[in-house]
Enquirer: 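Next up is a structure, given as structure tokens.
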Amino acid sequence: MSRQGLIYRKDWADNLGLEAPENLDELYEMLRAFTEDDPDGNGEDDTIGLTDREILGTFENIATWHGAPNNWGEKDGQLLPQFMFPEYREAMDYFKRLFDNGYINKDAPVTSKIDQQELFKNGTAGVYIGTMGDVESMYQDALAINPEVVFDVHNYIEGPDGEYRTRAIPGYGSMLIFPKAAVETEEELQGILSFFDYLMTPEGANLLLWGVEGEHYEVVDGKGKVIEENRDAFNREILPYTSLEIGEPETNGRYTGFFDYEPRTKADELYIDNNDYLVHDPTASLESETWASQSETLTQIMTDATYQYFLGQIDDDGFDQAIDKWKGAGGTQVIEEYNQQLQEQK
């Protein structure tokens, strides 16, 4: 339900005598030290603490660590968007200090995910906040640049109240649509559904995710592992279809992954640990017609305002004006529709 956490330069941390941060103050100190204290020891001012990109994902993780809700939260018996909570403002001030002090790439609002990860892999940035399982692929790329590089992963960052929280995904990823123009009879539909039923068996799920045992993968300690000398075949014949997976190991019984790279194994362990600290989006099961039609516009208003605050282009009053703009563009109706549905469910 949450794969979020830190991927960080452990070799830099070791050089500076830093442990994995366990609260927001320690995280800030790591980002400061990675920027100002020459963590790579080359005597040059050429590093930053955090790499970020054009969506608010990194910030929203930090907002949740501050105690802000996951997109929406309940306040005085009413559902309200995250940016109407004081913890969101506290997180904005924290993030603004990162920008003001140069502890983050200042072009983050226009940085792509590829470029964000490149800043981490090439030794410019020391912390990446996101999916911890990405540590293996980024490590392999970084290793080609610097054979001495050491990465690690970490999830536990306490907020100001001493509590750890992490944002949960809704519990689903996508949906399947069967058009009547292509599937004309109930018998055809049942045949198609039986295929997806098969994908939820251990046999079907392993075939889809891992391929043919002995050809694409082997079983090590009860886990699936890609046969390295056949990785090209795996990448060509199996990897393109893995997004068709229905369920996950807990529901379809497939093998979890075995990894030689210890931080990647640790990432899977931290995914499980995160389940004890989840913050759910209370609107995940609700519908709003206004949100369905206006979400892109409404999201952009507050994304722009949040980044403008980080960059010092607007202040608290300017952010309040953005909220008023959001309300006038349909946000007030969204609040009303979500709260009406919530009351009906109760």
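No hydrogens, no waters, no symmetry mates; every other heavy atom, side chains included, goes into these values.
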Enquirer: Out of the candidates Trp65, Tyr307, Phe310, only one should pair with Phe59 under the ring pair (Phe, Tyr, Trp, His ring centres under 6.0 Å) rule; please name it.
Expert: Phe310

Enquirer: Is the number of heavy atoms from other residues, nucleotides or ligands within 6.0 Å of CD1 (Ile114) greater than 12?
Expert: no

Enquirer: Contact between Glu344 and Gln340 at the side-chain level, heavy atoms closer than 4.5 Å - yes or no?
Expert: yes

Enquirer: Verify the ring-centre separation between Tyr198 and Phe195: is it less than 6.0 angstrom?
Expert: no

Enquirer: Take atom OH of Tyr241 as the centre, draw a 6.0 Å sphere, and report whether it contains more than 12 heavy atoms from other residues, nucleotides or ligands.
Expert: no

Enquirer: Look at Asp100 together with Lys96 and state whether they make a salt bridge at an N to O cut-off of under 4.0 Å.
Expert: yes

Enquirer: Centre of Phe319's six-membered ring, under 6.0 Å away, within 45 degrees of the axis: is that where NZ or CZ of Arg89 sits?
Expert: no

Enquirer: Are a donor atom and an acceptor atom from the side chains of Gln294 and Gln333 found within less than 3.5 Å of each other?
Expert: no

Enquirer: Determine whether a donor-acceptor pair (N or O, by modelled atom type, separation under 3.5 Å) exists between the side chain of Ser194 and the backbone of Gly191.
Expert: yes

Enquirer: Side chains of Met302 and Ile323, heavy atoms from C-beta outward: is any pair under 4.5 Å?
Expert: yes

Enquirer: Could you grab the distance from atom CG of Asp52 to atom CG of Asp115, nearest 0.5 Å is fine?
Expert: 12.5 Å

Enquirer: Take Phe234 and Ile227 through the test side chain to side chain contact (heavy atoms under 4.5 Å, CB included) and record every step on the way to the result.
Expert: CA-CA 8 Å; Phe234 176 87; Ile227 299 173; over 6 Å; no

Enquirer: Do you know the tightest heavy-atom contact between Pro21 and Ile157?
Expert: O-CD1, 3.2 Å

Enquirer: Cut-off 3.5 Å, side chains only: do Glu36 and Tyr103 have a donor facing an acceptor?
Expert: yes

Enquirer: Mark yes when over 12 heavy atoms from residues, nucleotides or ligands other than Arg3 sit less than 6.0 Å from its CZ; otherwise mark no.
Expert: no

Enquirer: Among the clusters formed by ILVMFWY side chains lying less than 4.5 Å apart, do Leu244 and Val183 turn up in the same one?
Expert: yes

Enquirer: To check you understand the geometry: which heavy-atom pair defines the closest contact between Pro263 and Val153, and what is its length?
Expert: O-CG2, 3.5 Å

Enquirer: Would you say Ser285 and Gln345 make side-chain contact, with heavy atoms under 4.5 Å?
Expert: yes

Enquirer: Taking atom CD of Glu19 as the centre, report whether more than 12 heavy atoms of other residues, nucleotides or ligands fall under 6.0 Å from it.
Expert: no

Enquirer: For the atom pair NZ (Lys106) and CG (Leu98), what is the distance rounded to the nearest 0.5 Å?
Expert: 11.0 Å

Enquirer: Would you say Val135 and Met132 are hydrophobically clustered, going by side-chain heavy atoms of ILVMFWY under 4.5 Å?
Expert: yes

Enquirer: When you check the gap from the basic side-chain N to the acidic O, do Arg32 and Glu29 get nearer than 4.0 Å?
Expert: yes

Enquirer: What is the ring orientation for His66 with Tyr94, classed by angle as parallel under 30°, tilted 30 to 60°, or perpendicular over 60°?
Expert: perpendicular

Enquirer: To the nearest 0.5 Å, how far apart are CD in Glu136 and OG1 in Thr265?
Expert: 8.0 Å

Enquirer: Supply the atom-to-atom distance Asn122 CG to Asn146 CG, rounded to the nearest 0.5 angstrom.
Expert: 10.5 Å

Enquirer: Is a donor from one side chain sitting under 3.5 angstrom from an acceptor on the other, for Arg167 and Asn71?
Expert: yes

Enquirer: If we ignore angles and hydrogens, is there a donor and acceptor under 3.5 Å between the side chains of Asn101 and Tyr28?
Expert: yes

Enquirer: So if you build clusters from Ile, Leu, Val, Met, Phe, Trp, Tyr with side-chain heavy-atom gaps below 4.5 Å, do Ile169 and Tyr271 land together?
Expert: no

Enquirer: For atom CD of Glu187, decide whether the heavy atoms of other residues, nucleotides or ligands shown that lie under 6.0 angstrom number more than 12.
Expert: no

Enquirer: Which pair of heavy atoms, one from Leu80 and one from Met84, lies closest together, and at what distance?
Expert: CD2-SD, 4.0 Å

Enquirer: Given Asn155 and Thr166, is the side chain to side chain contact (heavy atoms under 4.5 Å, CB included) satisfied, shown in steps?
Expert: CA-CA 9 Å; Asn155 66 331; Thr166 184; over 6 Å; no

Enquirer: Compare all side-chain heavy atoms of Val149 with those of Leu143 and state whether any distance is below 4.5 angstrom.
Expert: yes

Enquirer: Could you check, using the six-membered ring where one of them is a Trp, whether Phe34 and Tyr8 have ring centers closer than 6.0 angstrom?
Expert: no

Enquirer: Flag the pair Asp14 and Lys10 as a salt bridge only when some basic side-chain nitrogen lies within less than 4.0 angstrom of an acidic carboxylate oxygen.
Expert: yes

Enquirer: Determine whether more than 12 heavy atoms belonging to other residues, nucleotides or ligands lie under 6.0 Å from atom CD of Gln78.
Expert: yes

Enquirer: Can you confirm whether Glu296 is buried at CD, in the sense that more than 12 heavy atoms of other residues, nucleotides or ligands lie under 6.0 Å from that atom?
Expert: no

Enquirer: Rounded to the nearest 0.5 Å, what separation is found between the CG atom of Asn206 and the CG atom of Asn252?
Expert: 8.0 Å

Enquirer: Please determine if Asp40 and Arg9 form a salt bridge, counting it only when a charged side-chain N lies under 4.0 Å from a carboxylate O.
Expert: no

Enquirer: What verdict does the side chain to side chain contact (heavy atoms under 4.5 Å, CB included) test give for Met138 and Ile7, after you've listed the backbone C-alpha separation in whole Å, the side-chain angles of each residue and the deciding distance to 0.1 Å?
Expert: CA-CA 10 Å; Met138 289 202 287; Ile7 304 175; 3.5 Å; yes

Enquirer: Quick one: are Leu31 and Val127 in side-chain contact, heavy atoms under 4.5 Å?
Expert: yes

Enquirer: Looking only at non-hydrogen atoms, find the nearest pair between Ile238 and Gly211 and report the distance.
Expert: CD1-CA, 3.5 Å

Enquirer: Just checking Glu289: does its CD atom have more than 12 heavy atoms from other residues, nucleotides or ligands closer to it than 6.0 angstrom?
Expert: no

Enquirer: Any donor and acceptor pair, going by atom type alone, linking the side chain of Thr290 with main-chain N or O of Val334 inside 3.5 Å?
Expert: no

Enquirer: Going by heavy atoms in the side chains, are Trp210 and Val226 under 4.5 Å from each other?
Expert: yes

Enquirer: Locate the shortest heavy-atom distance separating Leu24 from Pro160; write the atom from each residue and the value.
Expert: CD1-CD, 3.8 Å

Enquirer: Measure the shortest side-chain to side-chain distance between Leu209 and Tyr255 over non-hydrogen atoms and say whether it is less than 4.5 angstrom.
Expert: no

Enquirer: Determine whether the side chains of Tyr309 and Asp93 contain a donor N or O and an acceptor N or O closer than 3.5 Å.
Expert: yes

Enquirer: So if you build clusters from Ile, Leu, Val, Met, Phe, Trp, Tyr with side-chain heavy-atom gaps below 4.5 Å, do Met30 and Ile104 land together?
Expert: yes

Enquirer: Between Pro81 and Ile335, is there a side-chain heavy-atom distance shorter than 4.5 Å?
Expert: yes

Enquirer: Could you go through the side chain to side chain contact (heavy atoms under 4.5 Å, CB included) check for Met1 and His280 one step at a time?
Expert: CA-CA 9 Å; Met1 296 292 285; His280 294 279; 3.7 Å; yes

Enquirer: Kindly state whether the ring of Phe151 and the ring of Phe120 have centres lying under 6.0 angstrom apart.
Expert: yes

Enquirer: Could you tell me the separation between the CZ atom of Phe83 and the CE atom of Met92, rounded to the nearest 0.5 Å?
Expert: 10.5 Å

Enquirer: Search all heavy atoms of Glu237 against all heavy atoms of Pro240 and return the closest pair with its distance.
Expert: C-CD, 4.3 Å

Enquirer: Just checking, any donor-acceptor pair under 3.5 angstrom between side chains of Tyr88 and Thr306?
Expert: yes

Enquirer: Determine the interplanar angle of the Tyr338 and Trp72 rings, folded into 0 to 90°, and report it as parallel if under 30°, tilted if 30 to 60°, perpendicular if over 60°.
Expert: perpendicular

Enquirer: Taking a hydrophobic cluster as the set of Ile, Leu, Val, Met, Phe, Trp and Tyr residues connected by side-chain heavy atoms closer than 4.5 Å, whether directly or through intermediates, do Tyr277 and Ile62 fall within one such cluster?
Expert: yes

